[in-house]
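Data first, discussion second: the structure below is written as C-alpha cells.
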Amino acid sequence: MKCSEFQRLLPDYTTGNLTPAALRELEAHLSVCPACADEASRLRSAWERLGGLSEEAPGGALRTRFDAMLAQYVTQAECEAETGETDGAGADRGGTQGSGRVGAPSRPVGWWPRRPAAQFGLVLVLLAAGLGLGWHLRPGPGSRDIEALMSEVQRLRDEVALVRIDQASAVDRLSAINNIRQTGRLPASVLETLIGTLVSDPSVNVRLAAVDVLASHLDRQAVSDGLRGALPGQSSPLVQIAMIETLAGLDDPQGQQVVRDLLTDDRVDPAVRAHVRWRLGRSM
Amino acid sequence: MRCVITGLSLAWLCLGAAIPASTEDDARSIVTVELTDPSGPCWVHCSLPTGSITVRAGEAGKVIVEAVSRPESPPSERAEPGGALKRIPVTFSELTVEELENVVQVDTHSFYRPVDVSITVPVLTSLRLRSRDSGDFLIEGVNGEIDLENRGGAITLQGVSGTVVAYTLQGDIVAEIVEATPKKPMSFASLNGDLDITLPSAVQATVRIKSSRGEVYSDFAIEDAEVRQIEEEPARDSEGVFRAHVERVFSGKINGGGPEFQFHAYHGTIYIRRGQ
C-alpha cells in the first residue's frame, strides 16, 4: 500500500477500530515511515484534545419549547373535546372531505382514540418516541469528531506541505511536491505556492516536478492562469517545454497566444522555439 | 568561525602570500579550509560562470579547493606585435572561498575565461554545484545530498551515496549510485543529453520516467508498470521541417516501491541500470 492508503487508515487506528490484520500492517509501516508516524502522532494528539470536549446535552431552550408545545396541544385538545361533544364526530378539518364542516377535528383512522384524554396520552407516547428516535439517530459525537479530525489532518497536511516546500534542500522540496501529488489535493494555498515554485525555485528538477503536479489539475482556472503567467519568464528550456505541453492540454486561446509569443522572444532557446513551431502546427 | 579567502592569480596581486593555506602560481590557486567542526558533515556550494567542477572525497575535517584558469588561446585575429614585446599570460581565477560552520562557499567570477575547480571534501559532504558554461562535473565517492546543475557540459558521478538531483542542458548525466538514502526522492533531467543511471540492486523506489524523443532501457524488474504513450502523426511544420513526436510517460515500482525517482529526458535516451 502507498502512504496515502495507510493514512486513510489512521482515523480508525486512532479510535481503535482497525482489524487485527490491518493494524499489524499499519504498525509495520509506521515503524519504517517517519512521515506517516508523525501523521499518526498528530492525529492521536488531536483526538485526545477532542476527548476533552464536553458531551452534548439538550439545552434549556429545548425544554422551554417542549413545554410551550405541550401547553398549546393541551389547550387545543380541550377545545376539540368540547367541539366533539357538541357536534359529534366525522368531520374533516379542511372541509374538503367528509361532512365538510369547517373547524371539525379529523378522525382519519380507526385506531385514533375518541376520548381526548386517550388522545393526549397517545400524543405524549408518540412525542416521547419521536424524541427518543431523534436522539438515537442524531449525528453522534463520534462522527462529528471524525469529521473534525479529518479536517484537522488535512489542514495539518497542507501546512506541512507548505512548510516543506520552502526548504533549502532541493531534495526536501522535491519530497514535498511528491507528497502533494500523492494526496491528490491542491488547496488554493498549496496551488499558489506551487505556482511560486514554478516561477522562482532555483532547481530545474523541482520546477519540473511542480509542472507535473499542476498538470493533474488542469480543470482549475488558477492552474492555467499560473502556467500562462510563468511561461514567458521561465529560464529552463526543459521546464518551458513541459509547460507548453501542459498548456496544450487546454482549449485556451490565451494560452496559445502566450506560447506563440515565445517564437518572437530572442531569449528563448532554439529547441523551445522549434518545439513551439511543431506544437502550434499540431493540436494546439 | 568565518573564513574568507580570495585568490587573484596575477603575480603582483598574490594575496596567497598573506594566507599560509593558500598558494598560487600564474594560473592556479589552492586554498585549504579547516572546517569549524572537523568531525561534522560538510556542505559545499560552488557556482561558476564558466568552467568545470571536480569533487573527490578525501580527508575528514578539511576542504581543499584548487582553481585553474584555462590557458588563454592566442588572439588569432590580432597580429603579435613582435620585437621585444612578449605576451604576458593574464590569468585570473578570481576564486573566493568562504567557510561558516562547515558550509563552504566557492565562487569564481571569471566570466570570460573558464576556470576549472577541483575540490577535495570529507566523505560526508552535501554538494550544490552550478556552472553556466564550458565544463563538465565529476563527483567521486561523496555521501550526502548532491544537487547539480550544469548548463554547459556533462555530469558524471562515481561511487556516490545519498541523494542526487541533477540537471544538464547539453551533456549526459552518468551516475553510479552505490547507496541511496531511504525515503528520499531523486531526480535526473536533461534537455539534450542521455541519462545513464546505475542504482543499488536493493534500492526501493517508484520511478517516473518521461522521455520525449529517446528510448528507455532498464534491467530492473519494474512492478505495477504503467505506460502512457502520446504519439502524434508525423508532420512538417510551417518551415518544412519534418517532425515526429512520441512522448512516453512511464511509472512503476522497483523492489516494492519507495520514494519517487524522476527521470526526464527530452532528446536523450534513458538507461536505468541495476548495480551491486
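Atom set for the values below is all heavy atoms of this structure, side chains included, hydrogens, waters and symmetry mates excluded. First the proteins, then the strands, lettered A, B, ... as listed; each starts at 1.
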**Prompt:** So, does B:Asp172 use its side chain to make a donor-acceptor pair with the main chain of B:Asp194 at under 3.5 Å?
**Reply:** yes
**Prompt:** With only heavy atoms counted, which part of B:Ser190 is less than 4.5 Å from chain A, the side chain, the backbone, both or neither?
**Reply:** backbone
**Request:** Any chance you could lay out the side-chain hydrogen bond (donor to acceptor under 3.5 Å, both in side chains) test for A:His275 and B:Tyr266, step after step, and finish with the verdict?
**Result:** CA-CA 11 Å; A:His275 190 84; B:Tyr266 185 66; 2.4 Å; yes
**Prompt:** Which pair of non-hydrogen atoms, one from B:Leu100 and one from B:Thr36, has the smallest distance, and what is that distance?
**Reply:** C-OG1, 4.5 Å
**Message:** Side chains of B:Pro259 and B:Lys184, heavy atoms from C-beta outward: is any pair under 4.5 Å?
**Reply:** no
**Prompt:** Just checking heavy atoms, which of residues 133-158 of chain B are less than 4.5 Å from chain A?
**Reply:** B:Glu145, B:Asp147, B:Glu149
**Request:** Taking the side chain as every heavy atom from C-beta outward, state whether A:Arg181 and B:Arg208 have any atom pair closer than 4.5 Å.
**Result:** yes
**Asked** Got more than 12 heavy atoms from elsewhere within 6.0 Å of CD, A:Glu27?
**Response** yes
**Asked** With a 4.5 angstrom heavy-atom cut-off, which part of A:Leu174 approaches chain B: side chain, backbone, both or neither?
**Response** both
**Message:** Please rank B:Gly257, B:Ala189, B:Ser126 by heavy-atom pairs under 4.5 Å with chain A and give me the top one.
**Reply:** B:Ala189
**Message:** So that I can tick it off, tell me whether A:Asp225 and A:Arg220 are bridged by a salt bridge, with the cut-off set at under 4.0 angstrom between side-chain N and carboxylate O.
**Reply:** no
**Message:** Atom CD of residue position A:Gln257 - does it have more than 12 heavy atoms of other residues, nucleotides or ligands inside 6.0 Å?
**Reply:** yes
**Prompt:** Checking heavy atoms, do the side chain of B:Glu260, its backbone, both or neither come under 4.5 Å from chain A?
**Reply:** both
